[in-house]
Each structure stands twice: as C-alpha cells, then as structure tokens.
Amino acid sequence: MKIIFMLENYDMGGVEKVSLQLLKGIKLLAPEICVSILTEQDKGELKAEFNQTYPCQCLNGRNNFRIFKNKIEELQPDLIVFTKGGLSKYKLSILFNEHIKTIAIQHVPIDLPDSSTLKNTIRKISAAFLYRLVSKVICVSDGIANNLKSTIKLNDKQVGRIYNPVIDQQISPLSQETVEYSNYFVCVGRIHYQKGYDLLLNIIQQAKVKDNNIQVVIIGDGPDRQMLEESIKEKELNDNVIIHGFTDNPYKYIRAAKGILMTSRWEGLPTVLVEAAYLKTQIISFDCRYGPSELTSKGRNGYLINENNEKDFVTAIEKVNSGKIKELPQLTDFHLKSAAKNYLSLFREVS
C-alpha cells in the first residue's frame, strides 16, 4: 500500500505533532507500507523529525493544485490522508482518479467562536461540499463527529472517530526531569484567544484573595503574548502568573504541577489533558466544545466547570489545593500503538 500524508507545514502545532506521532506508529507497526509526506510550505520546527520518519516533499509553488496533481501522478498512491480538513480542497485536483481513496481528519468544530458568521458559513459550505467527495472523514472526538453530523448532515458511514495518538514511551522519562518551579498549577497551550488566558487571569485574581501565594506557570507562546503580559501587570499578578514560554519538554512541568488548568473557549479533544491524566496530574477544565466532557466522563474523572463560571473554577482550584483529588480517565485508546492500529485498520478498510 502507498499512502501520502498531506500537511500544511512542519510547525510545532497540535495537528503536526499528532500527525508525526501517528507516522512514527505506522512505521513501527507496518514498515511494509510505503508512506510519503507532502506539505504546502517547507518550514517549521518539526521538519527534521518528519524527514527522519518518511520522505518529505513540498508543493511550495504558485499553482499548488497543479503541482499536487503532478506529485500524485509521480507517486501513484492508493490513499491520501489530509491531516487537516481544509487540505481536502486538493481532492479537486484528482476528482476523476476514483482508484485513489482519500481521508480527511477533522480536529476542531466547523463553527468556531472566534470566526464571524460569514466565515463560519463559508467553512460549513466548503466542508459540506468537500467532505462528500472524500472516502471518509475522521474526527478526533465524538463531540467533533456529532458536530459534523448535525451541522453539515453527514451520516455514520461518512464519519468516524479515532482518538489522537498522544501517549508514547518517551513521555515518562522526559517527565522525570527537574523543574525550576514548585507548588504551582500549570497551563499548556499557545497564547491565543482560543485558550482563554484572559479568563485564567480573572480566575487567579479571585483565587489570590484566599491564597496570596497561588502560582500558575504557562507553558507556551503565541500571538497574544504581549497583550497577556500587559494584562498580568495591570492586574498585579506578576508573582502569581509566570509565562515560561515554549519548551520541547512540557511533560516535566505537567507532572510536577498540582493540577492542570484549561480555560479554553473551544477544543477538539485537548492533548494536554490526556498527557496530564497519564502523568497523574489533576484536571480542572471548562466544559468547552469539545473534548473535556468526553475525556473526563462528564466530570467524574476530573473537575469539569460550566463554561465561563469563574467562581466554580476557583472553588475547584481550592479543592485540589486542599487534597480533594478525583480519579483520572482511562487512556487506552490514546496510546500510540492503539491509535496507529485503529488508523491502519481504517486504511485497509477504505482501500
């Protein structure tokens, strides 16, 4: 079997990281499969790792659709995996090559809270059209799958769910490294409107009333960092909220934390909560669309707070601080081998 994985680039993003994990799992479990990687752009921090896993090529031209079609004629794949839903637009280049099967992976809701009504309408129309051209759409959570079915009226045969390959054998040893902080909570994710760091600051400001020493370490960077730094200063939280920035080993900070705080406005199925559960770190999360409720079994396996209820979020932090811990989720389906096996079964079924 010949498979092409299509990516936007090699950036250190959530989709790119789980795609790299999946490719490593496929190489381990099915070395006989011939895999090639195509990207729109030849850039990103993960480029070397992708190249070490499978051969990579880049479109990187003025007419990517034509270049894509030429690459398909050259590589002659049996299956193409579009690692982001929007990349399924390239299906239009090979519309009449019926022997080539295609899979699109949907990581986020079709209707995004930070997008205008016009943009969300365009997203819905595009997805409704393109997703009826591909062989299968795979969602990273049941919530995302149900969102697709209800929003653009796809049926059960068109849509499936496979959890992302999050957990592998490298996490445990990396998590044992020493950290420079103590007695802290952690947040992990890019500094962007989606992650709700403005809500986090409100929560910590309230929590500080009872515990002046409360501390949160933010692992991540992003376009809104300067704005967040200004808000931290304005709210006089410099001693309480630390922006650590990007690191290639977030696991040690997650493991050593009292709990992980997630104030996101939306998710697909948050990888960091899976990592936290694996590292035995308590979960406190808003019940945003989609994923936290699914992962925590509606709050039985972690503190799940109604969206934007900052008061209850503060209460959950106080409970964890006082030692009131909850049993953590079962994670079998998130292990690398399990996820890779599920994808390999899908590939054989579709082809």
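Only this structure's heavy atoms are used, side chains among them; waters, hydrogens and symmetry mates stay out.
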Without swapping roles, check the side chain of [X] against the backbone of [Y] for a donor-acceptor pair under 3.5 Å.
X: Asn309; Y: Ile305; result: no
X: Arg132; Y: Ala128; result: yes
X: Glu294; Y: Asp142; result: yes
X: Tyr253; Y: Glu180; result: no
X: Thr53; Y: Glu49; result: yes
X: Ser36; Y: Ile3; result: no
X: Asn9; Y: Lys43; result: no
X: Ser351; Y: Arg348; result: no
X: Ser231; Y: Met227; result: yes
X: Gln169; Y: Ile171; result: no

Run the salt-bridge test on [X] and [Y] with the 4.0 Å N-O cut-off and return the result as yes or no.
X: Asp78; Y: Lys101; value: no
X: Asp224; Y: Arg190; value: no
X: Glu267; Y: Arg289; value: no
X: Glu16; Y: Lys84; value: yes
X: Asp198; Y: Arg265; value: yes
X: Glu229; Y: Arg225; value: yes

Value rounded to 0.5 Å, distance of [atom1] in [X] from [atom2] in [Y]:
X: Leu29; Y: Ser338; atom1: CG; atom2: OG; answer: 9.5 Å
X: Tyr163; Y: Thr332; atom1: OH; atom2: OG1; answer: 11.5 Å
X: Ile67; Y: Ile72; atom1: CD1; atom2: CD1; answer: 12.5 Å

Just so I know, are the side chains of [X] and [Y] near enough to count as touching, which here means a heavy-atom distance under 4.5 Å?
X: Met6; Y: Glu40; result: yes
X: Lys210; Y: Glu318; result: yes
X: Ile80; Y: Ile103; result: no
X: Phe313; Y: Leu200; result: no
X: Leu295; Y: Phe334; result: yes
X: Ile138; Y: Val81; result: no

Where do [X] and [Y] come nearest, in terms of heavy atoms and distance?
X: Ala277; Y: Leu328; result: O-CD1, 3.8 Å
X: Asn249; Y: Leu174; result: ND2-O, 3.0 Å
X: Tyr131; Y: Ala104; result: CE2-CB, 3.7 Å

Side chain to side chain donor-acceptor pair (under 3.5 Å) pairs, two or more places apart, involving residues 273-282: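 Qualifying pairs, neighbours excluded: Ser172-Tyr278.
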
Pairs flagged by side chain to side chain donor-acceptor pair (under 3.5 Å) wherever residues 65-76 is involved - sequence neighbours left out: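 Sorted pair list: Gln57-Lys71.
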
Verdict with supporting geometry, Tyr197 and His192, ring-ring contact (aromatic ring centres under 6.0 Å, His included): CA-CA 8 Å; Tyr197 286 116; His192 178 272; 9.9 Å; no

Atom CD of Gln226: over 12 foreign heavy atoms under 6.0 Å: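 Open.
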
Within 6.0 angstrom of Gln176 CD, more than 12 heavy atoms from elsewhere: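 Yes.
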
Parallel, tilted or perpendicular: rings of Phe347 and Tyr343 (30°, 60°):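 Answer is tilted, since the angle falls between 30° and 60°.
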
Plane angle bin for Phe50 and Tyr10 - parallel if under 30°, tilted between 30 and 60°, otherwise perpendicular: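 Tilted, since the angle between the ring planes falls between 30° and 60°.
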
Axial cation check for Tyr303 ring with Lys326, 6.0 Å and 45° limits: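 Relative to the ring axis of Tyr303, which defines the angle, Lys326 lies inside both limits.
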
side-chain hydrogen bond (donor to acceptor under 3.5 Å, both in side chains) partner of Asp168, the single match among Lys337, His335, Lys24, Gln21: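 Passing option: Gln21.
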
Worked check of salt bridge (Lys or Arg N to Asp or Glu O under 4.0 Å) between Asp111 and Arg123: CA-CA 7 Å; Asp111 45 340; Arg123 281 170 55 84; over 6 Å; no

Proximity of Phe65 and Tyr90 rings by center, below 6.0 Å: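 Yes, close enough.
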
